[in-house]
Q: 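Before anything else, here's the structure in question.
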Amino acid sequence: MSQRVLSAPYAQPEGLFSGLRKTWVMALTRPSGVTFEEIAHNEGSSSRRAYFLLFLTTMVGTIVQVILSTLFAVSLPVEVVTGDVVLPNDLLGSYAFVVVLFGLLTGLLAVFVLWLAARIAHGLARLVGGTGSVVGLENAFAAYLVPLTAITSILGALPAVNYGVFPLWLYGIVLTFLAVAGVERIGLVKAIFVGSVAVLLFVLVRLLVSMTVTAAFYMLNFQFSGLTVELMINTLSQVIPLIIGVTVGIILLELGLYALLGRVLRSKHALPYTLLAPAALAILLFTVYPFLFNILLSFSDLRRDTFACYSPVSVGQCELDHIYGLDFAQKNFTNVFVQQRPRRADVEYGALLREPYSDSLNQRLEWTEADGWGRLLSTPASTFPVLLGRTVVWTATNVVFHVLFGMILALILNQKIRFKGIYRALIIIPWAIPQVIVALSWRQEFHAQYGFVNTILTAFGIAGPSWLDDPFYAFIAVTFVNIWLGIPFYMVILIGGLQSISLDYYEAAQMDGASRWQRFRFITMPLLQPILAPMITLDVIWTFNQFNVIFLITGGGPQESTNILVTALFNAAFGPAASLRLGFASAFSIVIFALLFVFAVFWIWSSGGLKDIYSK
Amino acid sequence: MSTATVTASPKLNAPEPRNMWDLIHQVRRILAVVALVVFAGLMIYDAATPTAIPTIQETRDDGSVIASNGTRYAADCITTAGEINAACVSSPVNIAEDGSVVTDTGDIYPSNCAINIGGGDRLDPACVPAFQLNFTWMLLGAFVALCFWRPSHGFLVFYALISIYPILRVLSISLRPSASLLSRSLDVIPDGATFTSYAELFTDDNFLLWLWNSLSITATVSIIGVAIAATSAYAFSRWRFPGRRPGLVFLLTTQMIPAGMLLIPLYVIVSQLNLINSLVGLMLAYTTTAVPFSIWILKGYYDTIPPDLEEAAMVDGCNRVEAFWRIILPLSTPALTIIFLFNFLAAWSEYQVANVILKDQRVYTWVLGFNDFIGQFQTDWGKYAAGSILVTVPIVLLFMWQSKYLISGLTLGSVKS
């Protein structure tokens with residue numbers, strides 16, 4: 001009987017749901033051993049159907065229960081809009097996620113318990129002379145568990161009548177004993193003994209389910225230090241699809257490309273190109289495309305007022321007759337270098353000095369006559385040559401001190417010296433610390449009164465300056481911090497380089513009577529060249545582009561006097577004084593990039609800086 | 001290569017004069033001992049000398065006086081003996097919530113030590129012991145002695161101090177009680193150290209939320225970044241194909257692009273697609289920034305692994321991809337660790353892009369949150385410092401733990417074997 005059912009459960013498609021109502025009504029209203037025996041031997045019954053229905057009912061029941069208890073208890077703080085900023089993901093979506101997740105869990109739990117209970121009860125029943133089958137027990141249990149779960153889930157969540165679930169579950173316990181007695185064809189006393197294990201399990205699962213419902217309810221309202229389950233799930237619902245999407249995307253891309261290159265085009269370089277494809281695509285999409293788009297933007301008049309013009313969806317009035325054009329480019333690039341004087345005399349020139357980025361002024365004026373170097377920010381000092389000069393001084397000072405101190409430390413630590421490991425570990429700490437923390441902490445330490453810099457200077461009888469309020473000292477301060485920050489990296493690289501130099505060279509030189517300096521000059525330096533040259537190249541680029549230290553310590557101030565080109569760029573584009581003049585800012589950024597590029601090409605060409613890396 | 005240069009260079013030096021070096025060593029030791037003695041003397045002298053009290057130069061009409069050091073003292077500062085009260089010479093103090101007196105150098109005295117004099121609360125000089133040894137002198141002396149005795153250790157100790165003291169300061173501020181948050185104390189463990197700032201960080205602010213946001217961004221970026229870089233670097237290392245050299249040079253070129261430059265188009269794209277406050281845009285931007293450098297380091301590392309290894313594996317029946325997976329990747333663990341760390345650190349503390357893209361408090365990373373602590377509207381050094389310690393310590397430990405890998409991974413990439 002059971003074998004036949006198991007082997008062909010879906011032989012009659014309508015059998016899955018046929019006779020269900022009759023079974024349920026019978027199980028609940030006319031409970032007796034005979035009824036359950038009938039149910040167990042019913043033609044349409046199968047254990048898969050029992051499991052499926054129990055799973056479905058429990059899951060839906062839990063979901064309904066969580067939703068109902070939410071509705072009748074505390075309303076969830078689902079506040080999606082904060083001011084004018086709308087969170088990208090619907091928080092209700094994450095609420096649904098929690099609810100469905102818990103529903104699934106309880107459903108699986110119920111199925112597992114049914115499986116376990118039927119087997120245990122059947123095993124015990126056979127010991128006392130039972131003659132039924134596991135499948136029969138499963139069906140008999142499910143016949144009343146399914147409708148009972150459905151009824152109690154709704155009943156339990158309603159405010160006043162929720163105590164009604166207890167008599168119902170007591171009734172369920174009685175039914176369990178009857179079911180065991182009926183299916184296994186044993187006496188009621190024996191059935192109570194056998195069925196109590198199953199009852200225990202069922203009670204346990206009900207407890208677990210209601211605990212889970214409570215847990216889900218509390219988790220949805222959980223909030224600690226700003227972290228809520230909703231927000232966690234909101235993040236996860238962005239992260240997990242991204243990782244899966246990227247992984248699947250990469251695999252598809254690689255398979256497709258390999259098939260195309262290898263099979264269709266029969267290229268002998270199919271494999272390397274395939275391996276390169278993900279990185280190439282990523283760089284293309286997120287570096288090359290923005291780069292080109294940036295060039296396009298420098299041909300635009302993108303400001304806060306004209307943002308609507310450049311949006312694909314028209315959101316407002318656009319007063320520009322064309323959005324990209326050579327005239328805009330000319331204006332943007334000229335503004336980087338040249339201060340333009342308004343031709344119309346009715347605008348007071350002094351207004352420009354006070355409010356150089358005023359959009360209303362920009363619109364009213366015709367800018368034509370050149371009048372000295374253009375201001376990139378609001379003060380007269382933030383002109384291009386001044387910023388460039390400061391950037392060069394900044395970069396040169398930093399790189400020189402990085403190399404100098406990095407070399408001294410590396411040379412000392414490369415000797416036989418005690419506590420080498422401890423020193424090295426302590427000295428590389430600044431490198432390990434997030435730059436933001438370094439910058440913000442130093443900003444505090446340069447405080448004129450409470451920073452330790454001035455405290456120590458005072459202890460030695462020097463009255464420390466008010467570091468961050470004075471243009472000169474502020475620049476000294478940021479330079480010092482960046483030097484401090486960069487030395488460990490050099491030290492680590494140079495120690496590695498020094499260790500790779502064979503001691504034989506030094507021994508030979510020593511035998512020839514070379515002095516310490518000569519050994520350093522003619523052995524160490526040339527052999528370190530292949531490491532030092534690319535490191536300096538990279539360091540120049542990094543220092544030139546160093547944003548965090550300056551921006552977070554001084555913000556470019558005081559009086560915009562510590563800006564280097566990149567911080568000026570950020571201030572011009574997004575800073576408080578600017579009104580999102582992005583067209584101009586992109587022109588400025590292109591000028592900066594061109595400068596760095598020309599310098600780097602010249603440097604690499606003159607020093608052969610990267611030949612060793614790239615020639616292999 | 002350079003041995004030839006060395007042998008060709010003129011040989012000048014006579015054998016090193018041993019006796020002179022021995023002499024110098026002796027002198028150094030003597031100087032070290034002298035330094036210790038001198039500083040011990042200074043410490044005792046400093047403790048025995050009472051604080052100098054300035055004399056009165058000129059008395060004003062309102063009873064206040066101008067002292068010999070040019071400072072003006074209020075009328076109640078003049079004692080019956082016609083001198084300036086010693087209490088007035090010290091700086092004003094803070095009174096903590098429990099009434100205890102906190103000096104501007106962070107020392108805490110009982111509540112009965114405060115006297116209101118000279119227009120503010122000041123420390124009663126009677127509370128200060130007359131003879132108090134300041135052991136900072138001895139520390140200074142020990143350092144000077146070390147500089148004489150072992151100059152390289154002296155330099156290393158000095159530099160190590162410069163390296164870690166600013167971090168220890170952050171620790172110190174995080175432990176300060178709120179009354180002495182602003183103090184000129186140099187102690188690492190302040191008087192009356194407390195964990196209040198840490199507790200407030202969790203209860204008053206969205207610290208965990210920020211950490212969670214940062215962590216999810218950073219983990220995603222590191223994983224994707226390492227996966228992309230590992231395969232690409234392998235292609236660059238093992239094959240010679242058209243476009244290889246330009247590709248490598250191009251990777252370097254991308255390093256030159258200032259972050260602010262890509263930020264402008266990124267901001268425009270993100271706001272046009274209504275992706276402001278979306279973490280996904282940020283993650284993709286971060287990943288791509290870190291990839292070129294990762295490829296660069298990894299390629300250098302793969303170059304040091306002999307191709308024979310894969311060939312042997314391929315003879316044994318592996319295909320190329322299996323050989324890469326089973327042989328090269330396990331061998332490159334150090335370099336992969338470095339890449340992971342670099343990606344992790346770069347994204348973990350990124351400020352510029354996040355500042356422009358994340359505007360809602362609820363998607364803030366800790367960097368933005370911390371910046372708000374000391375932003376325009378509030379200055380919360382205690383909480384800032386506590387948060388910094390919590391954020392930094394795991395990273396520093398990770399760094400220390402991996403530093404062996406870190407150094408070998410970085411240098412093997414650039415040093416040819």
Side-chain angles (χ1 to χ4, degrees), chain A residues 85 88 225-227 235 238-239 242 246 269 272 275-276 278-279 282 286-287 290 293-294 311 412 423 425-427 429-430 432-437 441 450 452 455 492 496 500 509 512-515 522-523 526 531 541 545 547-548 566 569-570 573-574 582 585-586 589 593 596-597 600 614, chain B residues 2 5-7 11 13 152 156 160 163-164 166 169-170 182 184 186 202 206-209 212 216 220 224 228 231-232 234-235 239 241 248 254-256 258 260-262 264-266 272 277-280 284-285 288 291 349 351-352 356 359-360 367 388 392 395-396 399-400 407 411 414-415:
Chain A
V85 185
S225 198
L227 193 61
T235 319
Q238 296 183 53
V239 169
L242 180 73
V246 167
H269 302 301
L275 291 175
L276 277 179
F286 294 99
T287 307
F293 188 51
N294 192 40
S311 179
I412 295 178
Y423 286 130
L426 291 180
I427 292 174
I429 281 183
I433 292 174
Q435 267 188 10
V436 177
I437 289 184
S441 305
Y450 299 114
F452 82 80
T455 310
V492 165
S500 72
D512 288 343
S515 69
F522 296 111
I523 301 176
I531 307 169
I541 294 171
N545 285 333
F547 172 84
N548 283 345
V566 287
L569 170 64
F570 185 87
F574 303 103
L582 295 178
S586 49
S589 74
F593 175 73
L596 190 58
F597 187 74
Y614 287 116
Chain B
S2 55
T5 334
V6 172
T7 42
K11 192 164 81 73
N13 285 35
S152 17
L156 287 175
S163 286
I164 58 166
R169 277 285 288 193
V170 179
L182 287 176
R184 289 187 289 133
L186 291 176
F202 280 99
N206 297 340
F207 180 61
L208 273 188
L209 176 64
W212 165 261
S216 41
T220 318
I224 298 180
I228 290 182
T231 52
S232 309
Y234 187 61
W239 281 277
F241 49 86
L248 283 169
T254 60
Q255 292 288 294
M256 281 177 225
M261 181 174 186
L262 294 185
I264 298 166
L266 199 67
Q272 282 178 354
N277 290 330
S278 143
L279 300 181
V280 172
L284 290 173
T288 327
V291 159
S349 57
Y351 172 75
Q352 205 175 355
V356 168
K359 295 289 183 195
D360 189 320
V367 177
S388 301
T392 310
I395 291 194
V396 170
F399 217 77
M400 294 286 147
I407 290 161
T411 47
S414 41
V415 184

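Keep in mind that this is a model prediction, so the values were computed, not measured. The analysis underlying the following values was restricted to heavy atoms, covering all of them including side chains, and did not include hydrogens, waters or symmetry mates.
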Q: Do B:Ile395 and A:Ile433 have side chains that get closer than 4.5 Å, going by heavy atoms?
A: no
Q: How far apart are the C-alpha atoms of B:Ser216 and A:Thr235, what are their side-chain angles, what is the distance that settles it, and do they pass the side-chain contact (heavy atoms from CB on, under 4.5 Å) test?
A: CA-CA 7 Å; B:Ser216 41; A:Thr235 319; 3.1 Å; yes
Q: Does a side-chain heavy-atom distance below 4.5 Å link B:Leu156 with A:Ile427?
A: yes
Q: With a 4.5 Å limit on heavy-atom distance, are the side chains of B:Trp239 and A:Leu275 in contact?
A: yes
Q: Heavy atoms, side chains only, cut-off 4.5 Å: are B:Pro166 and A:Ser441 in contact?
A: no
Q: Are the side chains of B:Thr220 and A:Val246 in contact, using a 4.5 Å heavy-atom criterion?
A: no
Q: Go through the atoms of A:Thr455 and report whether side chain, backbone, both or neither lie under 4.5 Å from a heavy atom of chain B.
A: side chain
Q: Please identify each residue that fulfils ring-ring contact (aromatic ring centres under 6.0 Å, His included) with A:Tyr423, with sequence neighbours left out.
A: B:His153
Q: At a heavy-atom separation under 4.5 Å, does A:Phe452 approach chain B through its side chain, its backbone, both, or neither?
A: both
Q: Sequence neighbours excluded, which residues qualify as ring-ring contact (aromatic ring centres under 6.0 Å, His included) partners of B:Phe202?
A: B:Phe207
Q: Select one option (side chain, backbone, both, neither) describing which atoms of A:Leu276 are under 4.5 Å from chain B's heavy atoms.
A: both
Q: Measure A:Leu569 against the heavy atoms of chain B and call it side chain, backbone, both or neither at under 4.5 Å.
A: side chain
Q: Answer whether the closest heavy-atom distance between the side chains of B:Leu262 and A:Asn294 falls below 4.5 Å.
A: no
Q: If you count heavy-atom pairs under 4.5 Å between each of B:Thr231, B:Leu266, B:Ile264, B:Ile228 and chain A, which one has the most?
A: B:Ile264
Q: Is A:Ile412 close to chain B through its backbone or its side chain, or both, or neither, when contacts mean heavy atoms under 4.5 Å?
A: side chain
Q: Answer yes or no: is there a side-chain heavy-atom contact under 4.5 Å between A:Ile437 and B:Ser349?
A: no
Q: Please classify the contact of B:Val291 with chain A as side chain, backbone, both or neither, using a heavy-atom distance under 4.5 Å.
A: side chain
